[in-house]
Amino acid sequence: YDTQTDPWEITNLAGDPDLQDERKRLSAALDTWISEVNDLGSVPEDVMVRRMYPDGVQPQTAVPLFIPICEDSPGVDPSPEGGTFKGPCAVQIHCATQGASIAYTLDEGDGARWLLYTGPLKLENGTTSVRARAIRIGYKESRESVATFAVQ
């Protein structure tokens, strides 16, 4: 299509004999790109599903883990249920499923506002409950994990 003179793409120019060299050039560029990015567009969906779900079972995203970073804990060991820590304190959230996105909230209840986890959470003095769950495209969502941190 010539979108300058035909913005609604009414006239398909692919069959125009005067444009066959350009069509071949663009087709070759597309084939190169498909190869470079390992595009799976030519793989039938049922084959892709079998590859993603061995034995027909959809995998589940791993439950997120909480890893405190403070004087009492150098940010190495998970603390699945939280605990009491000397401040200042931050909490990392980790998911063992590679490529998963993690959501967290400090709110309670069904109406909680969930946020995308992008880095350690700074905890204030006092008690804070952190809820997290994770999801990877093609996987089932993880179970929710909850931990309560008391920072002194």
Side-chain angles (χ1 to χ4, degrees), residues 1-70 73-82 88-124 128-149 151:
Y1 298 97
D2 179 351
T3 57
Q4 295 295 317
T5 61
D6 181 14
W8 294 278
E9 300 176 3
I10 304 295
T11 305
N12 185 345
L13 301 174
D16 186 326
D18 294 336
L19 298 174
Q20 290 312 297
D21 288 343
E22 181 67 2
R23 187 181 149 290
K24 288 177 185 174
R25 183 188 72 77
L26 292 172
S27 182
L30 176 60
D31 290 343
T32 299
W33 179 83
I34 287 171
S35 176
E36 286 174 357
V37 301
N38 196 25
D39 184 87
L40 301 177
S42 64
V43 178
E45 189 172 347
D46 62 325
V47 173
M48 290 175 71
V49 168
R50 282 196 302 273
R51 286 182 188 170
M52 279 186 70
Y53 304 152
D55 301 321
V57 177
Q58 184 180 16
Q60 184 162 14
T61 309
V63 175
L65 295 173
F66 302 103
I67 304 169
I69 307 168
C70 58
S73 178
V76 177
D77 297 318
S79 185
E81 296 177 13
C89 188
V91 172
Q92 298 177 84
I93 307 175
H94 171 76
C95 181
T97 302
Q98 185 176 8
S101 295
I102 301 170
Y104 75 94
T105 185
L106 305 180
D107 299 338
E108 295 183 19
D110 292 338
R113 186 173 135 235
W114 291 84
L115 303 168
L116 179 65
Y117 175 76
T118 58
L121 309 176
K122 182 181 175 188
L123 301 181
E124 302 295 328
T128 305
S129 287
V130 183
R131 298 164 54 193
R133 55 187 177 207
I135 185 71
R136 178 181 170 175
I137 293 174
Y139 284 49
K140 293 179 186 175
E141 185 175 303
S142 73
R143 289 183 292 106
E144 185 175 306
S145 56
V146 180
T148 302
F149 295 89
V151 179

- [ ] Taking the side chain as every heavy atom from C-beta outward, state whether Leu106 and Thr128 have any atom pair closer than 4.5 Å.
- [x] yes
Open item on the list: Please give me the minimum heavy-atom distance between Leu40 and Arg51, naming the atom from each residue.
Closed with: CD2-NH1, 4.4 Å
TODO: Please name the pair of heavy atoms, one in Lys140 and one in Ile135, separated by the smallest distance, quoted to 0.1 Å.
DONE: C-CD1, 3.6 Å
TODO: Give a yes or no on whether the backbone of Glu81 and the side-chain of Ser79 come within a donor-acceptor separation of less than 3.5 Å.
DONE: no
Open item on the list: So, using side-chain hydrogen bond (donor to acceptor under 3.5 Å, both in side chains) as the criterion, who are the partners of Ser129 when residues are at least two apart?
Closed with: Thr148
Task: Non-neighbouring partners of Thr5 that pass side-chain hydrogen bond (donor to acceptor under 3.5 Å, both in side chains), sequence neighbours left out - done: Asp2
Open item on the list: For Gln4 versus Pro7, what's the shortest heavy-atom pair and its separation?
Closed with: O-CD, 4.3 Å
- [ ] List for me each residue that meets salt bridge (charged side-chain N to carboxylate O under 4.0 Å, His left out) alongside Arg136, sequence neighbours excluded, and say none if there are none.
- [x] none
- [ ] Please round to the nearest 0.5 Å and tell me the distance separating atom CZ of Arg143 and atom CD of Gln60.
- [x] 7.5 Å
Task: Residue pairs, two or more places apart or on separate chains, that pass side-chain hydrogen bond (donor to acceptor under 3.5 Å, both in side chains) and touch residues 6-25 - done: Glu22-Arg25
Run the side-chain donor-acceptor check on residues 43-50: report pairs under 3.5 Å with partners two or more places apart or on a different chain.
none

- [ ] Step by step, work out the side chain to side chain contact (heavy atoms under 4.5 Å, CB included) result for Leu13 and Tyr1.
- [x] CA-CA 5 Å; Leu13 301 174; Tyr1 298 97; 5.7 Å; no
- [ ] List in chain and number order the residues that pass side-chain hydrogen bond (donor to acceptor under 3.5 Å, both in side chains) with Glu124, two or more places apart in sequence or in another chain; answer none if no residue qualifies.
- [x] none
- [ ] Could you tell me which residues satisfy side chain to side chain contact (heavy atoms under 4.5 Å, CB included) with Ser145, sequence neighbours excluded, listed by chain and number?
- [x] Val63, Pro64, Phe66, Ala132
Task: Residues in side chain to side chain contact (heavy atoms under 4.5 Å, CB included) contact with Pro88, at least two apart in sequence or another chain - done: none
Please table the atom pairs, donor to acceptor, closer than 3.5 Å between any side-chain atom in residues 109-123 and protein atoms at least two apart or in another chain.
unit_1, atom_1, unit_2, atom_2, d
Tyr117, OH, Ile93, N, 3.1

Open item on the list: Within the structure provided, determine whether Arg133 and Ile102 are in side-chain contact (heavy-atom separation under 4.5 Å).
Closed with: no
Task: Sequence neighbours excluded, every pair satisfying side-chain hydrogen bond (donor to acceptor under 3.5 Å, both in side chains) that has a member inside residues 27-44 - done: none
- [ ] State, yes or no, whether a side-chain contact exists between Cys95 and Leu65 at a heavy-atom distance under 4.5 Å.
- [x] no
TODO: Looking only at non-hydrogen atoms, find the nearest pair between Gly75 and Gln92 and report the distance.
DONE: O-NE2, 3.4 Å
Task: Minimum heavy-atom distance between Ala147 and Pro80, given as atom pair plus value - done: CB-O, 3.6 Å
Task: Under 3.5 Å: donor-acceptor pair, side chain of Gln58, backbone of Gly138 - done: yes
Open item on the list: Within the supplied structure, the quantity of interest is the number of heavy atoms (other residues, nucleotides, ligands) at a distance under 6.0 Å from Glu144 CD; does it exceed 12?
Closed with: yes
Open item on the list: For a quick test of reading the model, state the closest non-hydrogen atom pair linking Ala62 to Thr97 and the distance between them.
Closed with: N-OG1, 2.8 Å
